[in-house]
Amino acid sequence: QDLAPLNSDVEPDRIDWSQLEASFGPMPTPADGTRVGGVSKTLTNEYWRSLGIGYQSAADASNVGFAYQAAPSEGDQLGQLSIAENMILQGYDALLMSPQTDNNLQPALESALSEGMVVVNVNDAVIPSVAQYVGNVQRDNGVRVAQWFIDNAEGGKVAVIEGQPGVFAAGQRTDGFTATIEAGGDFEVVASIPANWSRETAYDAASTILQQHPDLIGFYANNDGMALGVVEAVKAAGLADQVAVFGTDGISDAYASIRAGDLTGTVDSFPVLTGEVAMEVALRLLAGQDLPRVVATPQALITADNIDAYAVEDTAALRATLLAE
Amino acid sequence: MTDQTDIARARGLKSLLPAAFNLRDAGTLLGLILIFVVFGVLSPVFLTAPNLLNILQQSSINACIALGMTFVIISGGIDLSVGPTAALSAVAGASLMVAGVPLPLALLAALGAGMLCGFFNGALIAYAGLQPFIVTLGGLSLYRALSLIFTGGNPIFGIPPEFRSFINGDLAGIPVPVVIVAVVAAILWIVLNRSPLGEYILAVGGNPEAARIAGVPVARTKITVYMLSGGLAALASMILMGRLGAADPTMGNLWELDAIAAAAIGGASLMGGKGSVIGTLLGAVILGSLRNGLTLMNVQAFYQLLATGIIIIVAMLIDRATRGKG
Amino acid sequence: MTDQTDIARARGLKSLLPAAFNLRDAGTLLGLILIFVVFGVLSPVFLTAPNLLNILQQSSINACIALGMTFVIISGGIDLSVGPTAALSAVAGASLMVAGVPLPLALLAALGAGMLCGFFNGALIAYAGLQPFIVTLGGLSLYRALSLIFTGGNPIFGIPPEFRSFINGDLAGIPVPVVIVAVVAAILWIVLNRSPLGEYILAVGGNPEAARIAGVPVARTKITVYMLSGGLAALASMILMGRLGAADPTMGNLWELDAIAAAAIGGASLMGGKGSVIGTLLGAVILGSLRNGLTLMNVQAFYQLLATGIIIIVAMLIDRATRGKG
Amino acid sequence: MAEATARLRLEGIQKSFPGIKALDDVSFSVMPGEVHGLLGENGAGKSTMLNILSAVFAANAGRILIDGTPVNLTDPKSARAAGIAMIHQELQLIPALTVAQNIFLGRPLSKAGGLLVDRRAQEARARAILADLDPAIEPSRPVSELKVAQQQIVEIARALLDDARIIAMDEPTSSLTPPEFDNLAALIEKLAGQGKSIIYVSHKMNEVFRVCDRATVLRDGRFVTTVTIAETSEAEIIARMVGRDVQTEGHVSHATDEVALSVSDLGDGRLISGAGFTLHKGEVLGVAGLVGSGRTEMLRLVAGIDRASTGTIVKDGRTCHFRSPRDAIHAGIGLVPEERKKDGIVRDRSVASNIALPCMETFSSFGLIRRKALRKEATALMEQMHLRPPDVDRAIGLFSGGNQQKAIIGRWLAADVDILLFDEPTRGIDIGAKSEIYELIETLAAAGKAIVVVSSEMTEILRVSDRVVVMREGRIAATLSGDEITEGRIAAHAIPQSKARAPQEPPQPQEAHHD
Ligand SMILES: Nc1ncnc2c1ncn2[C@@H]1O[C@H](COP(=O)(O)OP(=O)(O)OP(=O)(O)O)[C@@H](O)[C@H]1O
Ligand SMILES: Nc1ncnc2c1ncn2[C@@H]1O[C@H](COP(=O)(O)OP(=O)(O)OP(=O)(O)O)[C@@H](O)[C@H]1O
Ligand SMILES: [Mg+2]
Ligand SMILES: [Mg+2]
């Protein structure tokens, strides 16, 4: 049966991660010798390493074997495909994949399915034909930041630092932010510039933008690495008091920067927790459960106001906080 | 006479090897065998037939690009724009397929698009006399931008299933992409070693001024070489499109580095005038086996990077040592 | 005599330009001026003093890397490993700083790390006779892997504020990074044009065999050049670290392409034997102004890519046209 | 001769390259103050011997003694330290550097504690050295701007710099004119007078007899004899070198009245202007002139290598516009270039490939090269020209210079062009091969080909030409035929008016041949 192409941001067949246990009961115990493989986008970004930590801890909790592999560098689409195929050869029961693009892992998906493996697409790029997706709503990242500006400022000039052109997450985040803030009041997006996920390029772009718009009130960057570059540019321009800077992902450096009063906020998508949920979904599928096509994972806008509530090492406590919302 | 016997002896030695092969390629082959032995010992899966086919399949796209790159490099140039050229050809081909244009026509159009990119590169290099590096660096941005703008940044889905199943099928147990690349390589070997064009390419790369004075159509040769590279990038993009079932405007990221690496491992000199079809194929397989073996051993990404760097250098050292002061 | 008057005429022309300058650089300068005029007309902010300083500041890191690259290219080589070399130096320097090692010592260690990477590249190229492209491609993986493994992939924060404020400060209104790069460029100009080493580099790149016969220490010259490139990569990484306040193990991604582009725009030939310090500086500023101008005009991502590609090619065409059949 | 007193003794030198023994147990000695000729055909091993002496190559066996003491030379620098300097056959200059920088390359004069090159001092000393050779060479000019002849003088100057005790000269005059040789000969006498030992390699017998005291003859890498010049004759030496008789026949004309090529008002907008000549089938047209008179430039225009700005070229009644050498070749015009290494050969390709480049089509069918046919034809051609070693599959870069030249000439025989332009065709070619080339030129002319020969060697011009055009400062100064072709008249027309003291005869009004 052919599935309709998936758009994870709008798919109606979805469930929030918090409802899993309520709807499908407690975690089933996996069969002995169950092995799960993870194919990550890259390990050079903390986000993807944290996701792996989540996978591993959930795997340990259920006593299943786990191996985590990543493409040598972000953007190496064929390299990631080869790695996925090579893992399939090793005969895992389930595969958690975070593809570089919407389609670069398509053949791996197909051959994994033909080997009878369970495949879960975890976050970021979305394979349209995938049966199971776990991840957050990318658009929401931008929407949340825009909402903060609408709630906390009268209006003014804002700018976006985009990720790599053509990448799904970058496009959705930028879109969510721009559409929401332009509809929501007296704001003007004066610049929307690609910085290719690079801290250095983001720094240069931000200082150029500040040169031209010294009255700018805020930046939204598509990820935290770029946001931290922007923060330095804002400080160098002596505009730290006037310009709010937001990132996305919630890496630990972003937390540190918020605490230091530099970064205004980030949209944390809780990678460790996301990893745990994804592993849980995979194991439930292996146990034969029929889950909704999209399992949405948590997100929260972190600012100096709420940082202590979210900055917890222990994911059980974090779960509790998020569930309490 | 000493001369005569010496020459006779050298001839005799040569005739022991198949004609297609040269001593330089033997060094590369040795590197490959070493990698096979090491991984074969370390991982039980590595030397199984399905995995070897897997390696060939995974190497086929890089091999295809690297073959074109080899010709460009032999002619004394370089083509950094192969990845975006592939992307542009893929979106051109895919959008025609989706629009219902007959498959062969759409494929021809895709190849045409790739060759057009190559022609643009080649014409700027041959007629305007610009440096290949800078022209194709410009092309790298240009063709990528065109395919992004054309598609609005979204991949094109809906590749005809018959095309996909053709590419994903096999011939006598050999994956179709491997067969395609093998055929292409055979043709290119003949072109390089047996055709006037091959002689022209080697001459242009070896000494462009002398080639020109000897009546070699230098500009035409250069343009042909870049068109070949563009066409092979398009072919690679078709193979990939068949496998992925989509044409992505971001396709082909970093392909140029892998392709140059395969060609260089295979003995092509970036100074021009030197390179081998067989060497490049071996180079692509070396890179493919490396990645395959490291993944099979479940080496962590950072250490994979480390191993890749070390093995590339060690392979070159071995190669160098075996073939002496070539 | 015809010869004599010809020489006299050529001398006369030359003496109108400052000695540091050559005709080739004039073409590059013209390209830069053209870009300035276009952006100046299109954006009112572009030609303001603060923005010009901004451009210089933004170009300084690429200029620093590109200067090293120019020397490598003149010697007939290439250094693809500059980005990872920078990253390795940065994490080395930063971790020492964070550990409380006195600043000058930490800085020296960082430079040392960069030069060590360069030494490794250079030794493999000079003594083992490997191709520069492949050695530094291996280095690209190797040094990146080392810095990722060393840091576990996380950036190192906590750079001493006095270092940061020094780098972010200015001297008589000129940003410190710009001053540093200007001083380095002046020294390198003297090295290339007035020192024995400069002659050796030109000789090794122009005709390695003739250089060897003339008694030029070819191996030592090559190694020096790669060490210089590594050292300058380290210097660039220190500047960037001061500006960003962190040493990121992924620092320097794709720096090699920007640096080669700057050198090539500035007239360096990848065949070796040719290149200019001033040309490379102009090349770096051309690329910097391009990015700056496009950002000021808020050109959308895809079209920025398009414009970059077109402008690089057009700049080269203009340059080529103005200096004729150079 | 008491070997103990020899300044230099080479003993049992052996050197093999893959597939060939270049030197086989060769020994000879050179005394202090002696000018010692080293003679032999192309490929006999002369350059190899000198390269071993200056430690560019390492010998497989044998030893080198200086003043009776064995020396161990590991690299060019150590050879220089041992007092050995060498002038290389293939010019070893760096185009991007100036004359002075090239002369001092590897041992710069420095200031500021060795940090900076003392350009002024270098240029001053370079000027002093060049004063004896060619004062017109400006030490501050980049070598890339010099003519080959001037580059060769720079190469000579470099060897004189060190004050070496042994100077090896490998065909130092291959692109020099007689007056320049005179300067060099005087210099050699002076150096010998100072007790220096000089090894002199040349294919020009008159030079050998003028400067050398003794000479050693090599054949096929083996020692043949050492002779005392005063006690021998040119014919004897040649017989020893070649191992057979070389005929030196006079000139026979095969010129017809049929015009093969007519060039008029040719100009390049720079040096050449108003150049014109007519070439008949079966005719050999010599082009004489001083270095820098524009002979090479004119040939390049005719061969389509450079674009002419004015003028017409009419071949077989059709007006041609050559946009590339390929056009010219298709029209049946081929050029043997002056700078073999730069404009002639593709080093890494085989002799057969180099020969076939202009006429790949004729060696191909169905788009593929017929390798067997090509090899057969190339082998036949090269056998006829005595290529040594006779292996057309060997990379051309591995052959001695003279043998490379044979292959480049062979290229146009294979391509079967009807007009052949030779620019210094026998530069670096041995006596035997030279007379073979002259015979070849004659045979070609007899077969109806039209031939232009540019040469700086007066004897060569006189030997081969039916008519002679003399160039001066980019123009045709005169066209001489029949009895007018004399050394004196050619020289008179070649020297620029301002420079000539008094031309022996008034230059004839330029006259184009209209038939
Ligand atoms: N580097 C090399 N590699 C292989 N063979 C070589 C090399 N150099 C010289 N030879 C061979 O050694 C032989 C001797 O060459 P050499 O250059 O010494 O001749 P020569 O006497 O100087 O000739 P010529 O008069 O043409 O300059 C030739 O057959 C040549 O092909
Ligand atoms: N030292 C030099 N630097 C730059 N140009 C030069 C130099 N010497 C000569 N030329 C240019 O080249 C012109 C002619 O050189 P060309 O090679 O045609 O002379 P030629 O008569 O063929 O001499 P040759 O005997 O060297 O072949 C000169 O008149 C001059 O314009
Ligand atoms: Mg010789
Ligand atoms: Mg000439």
Side-chain angles (χ1 to χ4, degrees), chain A residues 2 5 37 39-44 48-49 52 65-91 99-111 114 125-129 162 164-168 170-172 174-175 194, chain B residues 43 45-46 48 50-51 54-55 57-59 61-62 65 83 87 144-145 147-149 151-159 164 167-168 236 240-255 257-258 287-288 290-302 304-305 308:
Chain A
D2 264 359
V39 182
S40 162
K41 207 165 153 179
T42 167
L43 292 187
T44 56
W48 301 103
R49 288 198 300 273
F66 176 69
Y68 196 43
Q69 289 271 318
S73 68
E74 188 153 0
D76 187 356
Q77 304 167 8
L78 270 186
Q80 194 192 27
L81 174 60
S82 297
I83 282 174
E85 286 174 337
N86 296 339
M87 291 192 81
I88 290 166
L89 269 180
Q90 289 165 291
Q100 301 270 0
T101 72
D102 294 354
N103 49 56
N104 78 311
L105 293 188
Q106 178 71 31
L109 171 65
E110 286 165 15
S111 61
S114 72
V126 181
I127 308 174
S129 62
E162 305 172 18
Q164 191 88 38
V167 172
F168 176 78
Q172 288 294 87
T174 302
D175 232 41
Chain B
S43 157
V45 188
F46 189 83
T48 61
N51 192 51
N54 190 25
I55 291 176
Q57 159 123 338
Q58 287 170 359
S59 312
I61 285 177
N62 184 22
I65 301 286
R144 177 72 73 210
S147 41
L148 284 169
I149 291 170
T151 59
N154 301 312
I156 299 176
F157 287 91
I159 308 303
R164 294 208 57 202
I167 293 287
N168 290 319
L240 188 58
M241 197 169 88
R243 295 190 64 204
L244 302 183
D248 200 311
T250 64
M251 180 189 279
N253 202 10
L254 302 182
W255 282 9
L257 282 188
D258 275 357
L287 288 175
L290 204 59
R291 183 165 283 169
N292 177 283
L294 291 172
T295 310
L296 287 186
M297 292 169 55
N298 202 18
V299 174
Q300 193 248 321
F302 296 169
Q304 273 205 29
L305 211 55
T308 309

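All chains are named by letter (A, B, ...) in the order of the sequence lines, taking the proteins before the strands, and each is independently numbered beginning at 1. Note that this is a predicted model, so its numbers are computed, not measured.
- Comment: A:E110 engages B:R164 in a salt bridge, judged by a side-chain N to carboxylate O separation of less than 4.0 angstrom.
- Distance alone, capped at 3.5 Å, is enough to place a donor-acceptor pair between the A:Q90 side chain and the B:L296 backbone.
- For the pair B:N54/A:N86, a side-chain contact is recorded, criterion being any heavy-atom separation below 4.5 Å from C-beta on.
- At least one side-chain heavy atom of A:L78 sits under 4.5 Å from a side-chain heavy atom of B:L240.
- The line from CD of A:E85 to CG of B:N51 is 10.5 Å long, rounded to the nearest 0.5 Å.
- Residues A:L81 and B:L244 meet the side-chain proximity criterion, which asks for heavy atoms closer than 4.5 Å.
- Considering only heavy atoms from C-beta on, B:F157 comes within 4.5 Å of A:D102 through its side chain.
- Within the 4.5 Å cutoff, no side-chain heavy atoms of A:Q106 are placed close to those of B:R243.
- Heavy-atom pairs under 4.5 Å with chain B were tallied for A:P165, A:G171, A:G79; the largest tally goes to A:G79.
- To the nearest 0.5 Å, atoms OG (A:S82) and CD (B:Q58) are separated by 4.0 Å.
- Residue-level contacts of residues 246-254 of chain B with chain A, in order of numbering, are B:A246, B:D248, B:T250, B:M251, B:G252, B:N253, B:L254; threshold 4.5 Å between heavy atoms.
- Atom CH2 of B:W255 and atom CG of A:D76 lie 11.0 Å apart (nearest 0.5 Å).
- A:P107 has its side chain out of reach of B:N168: every pair of non-hydrogen atoms, C-beta onward, lies at least 4.5 Å apart.
- Between chain A and the options B:D258, B:L305, B:N292, B:N154, heavy-atom pairs under 4.5 Å are most frequent for B:N292.
- Side-chain atoms of A:Q69 come within 3.5 Å of backbone atoms of B:V299 as a donor-acceptor pair (strictly under, hydrogens ignored).
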